[in-house]
Amino acid sequence: MPKQILINALEKALLQARQKGLLKNEQTAEIQVQRPSDASFGDYSANLAMTLAKESGLPSRKVAEILVAELNLPPEVIEKTEIAGPGFINFRVNPQWLQKTVEEIRRKGADYGNSETGQGQSLQVEFVSANPTGPLHVGHGRAAAIGDSLAHLLAKVGYEVTREYYINDAATSTQIRNFGASLEARYLQALGKEAKMPEDGYHGEYVSDIAKEVVEKEGDRFLEMPAEERLEQFTLLAKQKILEGQRADLAAFGVRHDNWFRESSLFESGAVEAALNLLREGGHTYEAEGALWLRSTDYGDEKDRVLVRTTGIPTYLAADAAYHHDKFIRGFDKVIDIWGPDHHGYVARTKAAVQALGYDAEKLEIIIHQIVRLFSGGEVVRMSKRAGDIVLLSDVLSEVGADAARFFFLMRSADSHLDFDLELAKKETPDNPVYYVQYAHARICSILRQAEESGVKIPQPGEADPSVLVDERELALLRKLADFPEEVESAAALYEPHRMTRYAQELANAFHLFYTDCRVLSDDTNLTKARLSLVCASQVVLQNCLALLGITAPEKM
RNA sequence: GGGCCCGUAGCUCAGUGGAUAGAGCGGCUGCCUUCUAAGCAGCGGGUCACAGGUUCGAAUCCUGUCGGGCCCGCCA
């Protein structure tokens, strides 16, 4: 990687300059190499001279000159070094090096872009984790897209990744009981009986749908049951049905969790009690007003939080503390939770609980994504009759398809509110970025088909001479392809999968430009071979990129 | 009242302290006898909310103000 080569070379040059007494700086400045804002400046750029100027008492351009004189760069990678502007050192990559990456990409195939950054550390991404009291909505869709793509990214940079779904199914949960009671009421109503919905009942149409299904399959056999047992049965049924639906929605979205973890299992196994004891023994709790409190303020929370209610029933936080304890007991080196914006208030207390249990706060990363608003023709959409104001993920999927939904959910950074334009996502025109990207892949496949049909052999890696790829469009495409590992690296390091949708668009653009200006199949045998090889490399990178996003790469459109 | 996120082109948003701040959409204008026009080219478009501060250098970091969203339970 040129970037790493440059950083190493600059480091060495700085050391030499110091040893020779040309620069007096003692401090070890972090050496940065970045992309210049304007490509005409070069492929890479270093600001080192500017950061050293003040301390060395020399003008930054002078410092740059000293550094450049000490620089020793492999000419086959970096062909040109120059000082520009206030003291930037700009580098241009040797086209030879770019041309060689075609072969490297083709040899590595699906592994191109992999790295060892994660060093095989085990890492868990927990995402979606919706309450079993209703179907998944668009917010969950965003979480699913982010979580799944992030998991792909982290696996690509060398982590051992587990995807987990936390089922909030605690039997003591008031919400679940309420939901069960709602289903019971709808069931009785479906059988023509008088029944009142509970006070904070679930009025969405999906509850009635489930009730009707129960009537169809089980008839009126619950009527005779004692009230308490019946409620229990319906609570169980409600949970089960919703969970089935959630699994089906995720499957339709192409998201698969390795592990579905039941909150209730923490109570059954005694893990909640154990975690509470640990917190007590560590002196992180106290009793007040008949409840057990966590001293979360010790770890920066704005107030202490209840762990066990006056009723003796543990809170969600108690279970969550036990849950995270369990994650670390299972040996995860790093745990990432992806939550909706309505949970941001729980970040501080959860991190507090984790620290009180003796773990480094840095081992837990909580990503909060902001809300999704659906638009159609400039109007906010409330699509679902079944769930009131909530727009269901399944509705969006049947409307625009999984690929478009994934891409749109991943177009913005998690921090940013997402306006999802359904019309645009449905369009089969270049305005729609997901089609734009997929079309590039379809075009690639079309060229390869065309070549085969006309009897032109696709060269194996190494069979083409890439040095004939000198057109500006070809070099621009090569640069984009060569960028891929660095893009993956930073998207993974920053936990920002949305960077890859942007990269996908840029890569597709570079390919379309190449396609327009450079005819692949021509009478010039060597050029045809080299360009076919470049097309194959483009296909590899586009596929790898789309795989990280969880989006298909169609061969025809 | 407090917390979190956001404020950048008409709209939706990128932008890991660097050079003349970018993309897509929308608008207008061109380009198909040639590997997919689901493409390409061109034209417009900016007080980076505002005010201070830190820095050689700020859209980016800090403080404050204003505006928008979400949240603030011994619910989950």
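Sequence lines set the chain letters: A, B, ... in the order given, protein chains first and strands last, and positions in each chain run from 1.
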Can a side chain N or O of Ser416(A) be found less than 4.0 Å away from OP1 or OP2 on A14(B)? yes
Are Thr429(A) and Asp431(A) close enough that a side-chain donor and a side-chain acceptor fall under 3.5 Å? yes
Picking from G18(B), A38(B), A19(B), which would you name as closest to the side chain of Ser37(A)? A19(B)
Given protein heavy atoms under 4.0 Å, the one-letter contact record of nucleotides 66-76 of chain B, with B base, S sugar-phosphate only and - none, is simply --BBBB--BBB
Between Lys327(A) and Glu164(A), does at least one N-O distance fall below 4.0 Å, as a salt bridge requires? no
What's the closest nucleotide to the side chain of Arg519(A) if the choices are A19(B), C40(B), U34(B)? U34(B)
Could you check whether Lys556(A) gets within reach of a base, just the sugar-phosphate, or nothing at all, counting any heavy atom under 4.0 Å? base
Please determine whether a side-chain nitrogen of the Lys or Arg among Arg295(A) and Asp304(A) lies less than 4.0 Å from a carboxylate oxygen of the Asp or Glu. no
So if I take every side-chain heavy atom of Asp419(A) and compare against A37(B), C13(B), C40(B), which nucleotide ends up nearest? C13(B)
Within the structure shown, what part of the strands sits under 4.0 Å from Ser45(A) by heavy-atom distance: base, sugar-phosphate, or nothing? base
For residues 485-492 of chain A, which side-chain donor-acceptor pairs fall under 3.5 Å, sequence neighbours excluded?
{"unit_1": "Glu486(A)", "atom_1": "OE1", "unit_2": "Arg35(A)", "atom_2": "NH2", "d": "3.0"}
{"unit_1": "Glu486(A)", "atom_1": "OE2", "unit_2": "Tyr44(A)", "atom_2": "OH", "d": "3.1"}
{"unit_1": "Glu489(A)", "atom_1": "OE1", "unit_2": "Ser115(A)", "atom_2": "OG", "d": "2.9"}
{"unit_1": "Glu489(A)", "atom_1": "OE1", "unit_2": "Thr117(A)", "atom_2": "OG1", "d": "3.3"}
{"unit_1": "Glu489(A)", "atom_1": "OE2", "unit_2": "Thr117(A)", "atom_2": "OG1", "d": "2.4"}
{"unit_1": "Ser490(A)", "atom_1": "OG", "unit_2": "Glu486(A)", "atom_2": "O", "d": "3.3"}
{"unit_1": "Ser490(A)", "atom_1": "OG", "unit_2": "Glu487(A)", "atom_2": "O", "d": "3.3"}

I'd like to know if the side chain of His417(A) and the backbone of Ile371(A) have a donor-acceptor N/O pair within less than 3.5 Å. no
Counting only Watson-Crick and G-U wobble pairs with both atom distances below 3.5 Å, the stems of 3 or more consecutive pairs that include RNA chain B are B:1-7 with B:66-72, B:10-13 with B:22-25, B:27-31 with B:39-43, B:49-53 with B:61-65
Result of checking Lys480(A), Arg473(A), Glu472(A) against Leu513(A) for side-chain contact (heavy atoms from CB on, under 4.5 Å): Arg473(A)
Tell me what Tyr436(A) touches on the nucleic acid: a base, only sugar-phosphate, or nothing, going by heavy atoms under 4.0 Å. sugar-phosphate
Arg412(A) has its side chain closest, among A19(B), A14(B), C56(B), to A14(B)
Which is true for Phe375(A) with a 4.0 Å heavy-atom rule: it touches a base, it touches only sugar-phosphate, or it touches nothing? nothing
Test ring-ring contact (aromatic ring centres under 6.0 Å, His included) applied to Tyr323(A) and Phe261(A), Tyr316(A), Phe267(A), the passing residue: Phe261(A)
Sticking with atom C1', work out how far A14(B) lies from U54(B), rounded to a whole angstrom. 26 Å
NA contact type, Asp421(A), heavy-atom cut-off 4.0 Å: base, sugar-phosphate, or nothing? nothing
Is Thr51(A) near enough to C56(B) that one of its side-chain N or O atoms lies under 4.0 angstrom from OP1 or OP2? no
Can you tell me if Phe88(A) is stacked onto the base of A19(B), using a 5.5 Å centroid cut-off and an angle below 30°? yes
Under-4.0 Å side-chain N/O to phosphate OP1/OP2 contact, Gln34(A) with G18(B): yes
Answer with base, sugar-phosphate or nothing: what part of the nucleic acid does Glu487(A) contact at a heavy-atom distance below 4.0 Å? nothing
Distance check: side-chain N/O of Ser490(A) vs OP1/OP2 of U16(B), anything under 4.0 Å? no
Tell me if C13(B) is syn or anti. Syn = glycosidic torsion within 90° of 0, anti otherwise. anti
Closest to the Leu521(A) side chain, choosing from G15(B), C40(B), C35(B): C35(B)
Is Cys445(A) touching bases, backbone alone, or none of the nucleic acid, heavy atoms closer than 4.0 Å? nothing
Describe the nucleic acid contact of Asn90(A) in one word from base, sugar-phosphate, nothing, applying a heavy-atom distance below 4.0 Å. base
To the nearest 0.5 Å, what is the distance between CZ (Arg349(A)) and CZ (Arg305(A))? 3.5 Å
When we call it a touch if two heavy atoms are under 4.0 Å apart, what does Asp431(A) touch: a base, just sugar-phosphate, or nothing? sugar-phosphate
Can you check whether Asp419(A) reaches Asp421(A) side chain to side chain, under 4.5 Å on heavy atoms? no
Side chain of Asn509(A) (C-beta onward), nearest among C40(B), U55(B), A14(B): C40(B)
Glu423(A): which residues meet the side chain to side chain donor-acceptor pair (under 3.5 Å) condition with it, sequence neighbours left out? Ser376(A)
Check the phosphate of A37(B) against Tyr515(A), side-chain N and O only, distance under 4.0 Å to OP1 or OP2. Yes or no? yes
Would you indicate what Ile368(A) reaches in the nucleic acid, counting non-hydrogen atoms under 4.0 angstrom: base, sugar-phosphate, or nothing? nothing
Classify the side-chain pair His324(A)/Asp337(A) by whether it contains a donor and acceptor separated by less than 3.5 Å. yes
Taking the nucleotide of RNA chain B with the closest heavy atom to each, which residue, Leu418(A) or His512(A), is nearer the 5' end? Leu418(A)
Treat primed atoms plus P, OP1 and OP2 as sugar-phosphate and everything else as base, then score nucleotides 58-64 of chain B 5' to 3': B for base contact with protein heavy atoms under 4.0 Å, S for sugar-phosphate contact only, - for none. -------
Regarding Arg309(A) and Thr311(A), do their side chains bring together a donor and an acceptor under 3.5 Å, going by distance alone? no
Residues that Asn47(A) engages under side chain to side chain donor-acceptor pair (under 3.5 Å), provided they are two or more places apart: none
